[in-house]
**Q** 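Have a look at the structure that comes next, please.
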Amino acid sequence: MRLESLSKRYGRVTALDGVDLEVRAGELITLVGPSGSGKSTILRLIAGLDRPDAGRVLVDGEDVGRVPPHRRAIAMVFQDYALYPHLTVRGNLLFGLRVRRVPRAEADRQARAAAERLEIADLLDRYPDQMSGGQRQRVALARALVRDPSVYLLDEPLASLDAQLRFATRADLLAMHQELRTTMVHVTHDQAEAMTLGDRVVVLDRGRVRQVGPPQEVYDEPADVFVARFLGSPPMNLVVGGGVLGDAPGFTVGVRPEDLAIDPEGPIEVTVEAVETLGSEAILLTRAAASGGASTSASAIADANAGAGADTRLTVRTGPRHGVRPGDRLRLRPDPERIHRFDTETGRRR
């Protein structure tokens, strides 16, 4: 599947601005970005629920711009499940098959096969309001499965699930993809979900693609300041002009929290302001006295996570049971192999 120069406006709002993207056959890609970045708009254009103002959507080499949604070999799963409340699970699975006039015996076979694959065969006679959120989500996935499409579109299908159930359902999605090897496009605002599910991650911002690549590559080598700040929790430490991370006029210097080590001989002295204990790890919020740094434009400073005034804030990820308390003074050493430099004016990686 290929998207060529896709653009879409809703009134004065530009939802997509010339998006080019190729999705390989059998690939699972994740679209991630802040609200309003264009993630769901891309799905709607692929599904045919909206038409682009410019550009093309090609599925299996065919321009599907004039193909109505029900004739596209595409299945879509929504965040809110979109199940028919007056139908049982069996009825929901059979509905689309009957619309397409699949013979009754074959429709029953396909519905049961999809239910068994997603382990909901024992729920076939229940109604949606008699099931948990996780069970309803499995029904929505099974309903997409029976269509046997060329492309699955998943629009934040796990967003309404609790953390434990979301983790389990992610594993189900991965297992389903590995078994089917059907092309999937998964939209999410959860960066952990994007990183764990996608063969490749597509980072979007304000209707444009900022970076596309394997999850670890996008994390380790962000294309610009936006990607560096957006991917990662906590986000990358970014200091305009380098400051305590090393004087670098004309550049924004960054280091991820896990790449700052506590070292009595480290070059950066900080004061711990707060400690977030997370069980398996801890996040230290610290402040360091700035060591210079070049002057730069207000827009560049706003785009980077730079410290204000005379001090620079640095976030450090460390192991559990560290013994650090607010008010402690520490010394930090950044990993020299994991220092990132971005052009201050353009924000692009250098």
Side-chain angles (χ1 to χ4, degrees), residues 23 26-33 35 39-40 42-44 46-47 74-85 87-93 95-96 110-149 151-203 214-216 219 231 233 278-280:
V23 184
E27 183 179 33
L28 195 167
I29 70 163
T30 51
L31 308 183
V32 66
S35 296
K39 306 183 298 293
S40 294
I42 287 177
L43 293 197
R44 293 181 64 83
I46 295 172
I74 292 169
M76 191 163 180
V77 178
F78 298 91
Q79 177 180 341
D80 62 358
Y81 318 131
L83 302 177
Y84 298 110
L87 296 179
T88 63
V89 171
R90 189 190 311 275
N92 271 278
L93 299 184
F95 185 85
Q110 292 183 26
R112 175 161 286 278
E116 289 175 350
R117 177 172 286 162
L118 287 165
E119 300 180 357
I120 54 171
D122 58 333
L123 305 177
L124 285 171
D125 296 321
R126 291 195 193 180
Y127 289 89
D129 63 359
Q130 297 173 325
M131 296 181 293
S132 68
Q135 290 170 330
R136 290 196 292 270
Q137 190 59 75
R138 286 171 184 255
V139 175
L141 289 169
R143 187 175 59 184
L145 196 62
V146 298
R147 291 197 62 182
D148 191 25
V151 180
Y152 287 96
L153 305 178
L154 310 175
D155 192 3
E156 301 204 52
L158 313 183
S160 58
L161 304 181
D162 62 58
Q164 187 171 1
L165 191 54
R166 194 160 59 240
F167 180 83
T169 309
R170 279 208 305 257
D172 292 337
L173 276 175
L174 278 173
M176 187 174 84
H177 178 253
Q178 288 167 4
E179 179 182 351
L180 298 175
R181 301 312 302 177
T182 303
T183 305
M184 293 186 180
V185 181
H186 182 107
V187 159
T188 180
H189 66 277
D190 184 330
Q191 56 181 275
E193 190 174 301
M195 297 281 286
T196 55
L197 282 176
D199 297 321
R200 287 188 299 155
V201 175
V202 181
V203 183
Q216 197 64 51
Y219 185 81
L231 281 185
S233 181
L278 305 176
S280 62

**Q** Sorted by first residue and then second, give each salt bridge (charged side-chain N to carboxylate O under 4.0 Å, His left out) pair with at least one member in residues 125-136; sequence neighbours left out.
**A** Arg90-Asp125
**Q** Report the distance from atom CD of Glu179 to atom CG of Leu174, rounding to the nearest 0.5 Å.
**A** 13.0 Å
**Q** List the steps, then state whether side-chain contact (heavy atoms from CB on, under 4.5 Å) holds for Leu124 with Arg112.
**A** CA-CA 8 Å; Leu124 285 171; Arg112 175 161 286 278; 3.4 Å; yes
**Q** Is there side-chain contact between Leu141 and Leu173, with at least one heavy-atom pair below 4.5 Å?
**A** yes
**Q** Under a 4.5 Å cut-off applied to non-hydrogen side-chain atoms, are Tyr219 and Gln191 in contact?
**A** no
**Q** Return the minimal non-hydrogen interatomic distance between Thr182 and Pro149, and the atom names on each side.
**A** CG2-O, 3.5 Å
**Q** Under a 4.5 Å cut-off applied to non-hydrogen side-chain atoms, are Met176 and Leu118 in contact?
**A** yes
**Q** What is the distance from atom CG of Leu83 to atom CD of Gln135, rounded to the nearest 0.5 Å?
**A** 11.5 Å
**Q** Mind checking the OG1-CE spacing from Thr88 to Met131? Nearest 0.5 Å is all I need.
**A** 9.0 Å
**Q** For a quick test of reading the model, state the closest non-hydrogen atom pair linking Asn92 to Pro128 and the distance between them.
**A** ND2-CG, 4.2 Å
**Q** Show me the donor-acceptor pairs, under 3.5 Å and distance only, between side chains in residues 151-158 and residues at least two apart or in other chains.
**A**
{"unit_1": "Asp155", "atom_1": "OD1", "unit_2": "Ser40", "atom_2": "OG", "d": "3.0"}
{"unit_1": "Asp155", "atom_1": "OD2", "unit_2": "Ser40", "atom_2": "OG", "d": "3.4"}
{"unit_1": "Glu156", "atom_1": "OE1", "unit_2": "His189", "atom_2": "ND1", "d": "2.5"}

**Q** Would you call Thr188 and Leu197 a side-chain contact if the rule is heavy atoms closer than 4.5 Å?
**A** no
**Q** Applying the side chain to side chain contact (heavy atoms under 4.5 Å, CB included) test to Leu43, which of Val77, Ile74, Val185 qualifies?
**A** Val185
**Q** Take His177 and Asp199 through the test side-chain contact (heavy atoms from CB on, under 4.5 Å) and record every step on the way to the result.
**A** CA-CA 11 Å; His177 178 253; Asp199 297 321; 3.7 Å; yes
**Q** Can you name the closest pair of heavy atoms from Ala142 and Ile120 and give their distance?
**A** CB-CD1, 3.9 Å
**Q** For the pair His186 and Leu28, evaluate side-chain contact (heavy atoms from CB on, under 4.5 Å) and give the outcome as yes or no after the intermediate values.
**A** CA-CA 7 Å; His186 182 107; Leu28 195 167; 4.2 Å; yes
**Q** Tell me, which pairs form a salt bridge (charged side-chain N to carboxylate O under 4.0 Å, His left out) where one or both residues lie in residues 165-175, sequence neighbours left out?
**A** Arg138-Asp172, Arg166-Asp190
**Q** Using every non-hydrogen atom in the two residues, find where Val32 and Ala194 come nearest and quote the distance to one decimal.
**A** CB-CB, 3.9 Å
**Q** Heavy-atom distance under 4.5 Å between the side chains of Ile42 and Ile46, does that happen here?
**A** yes
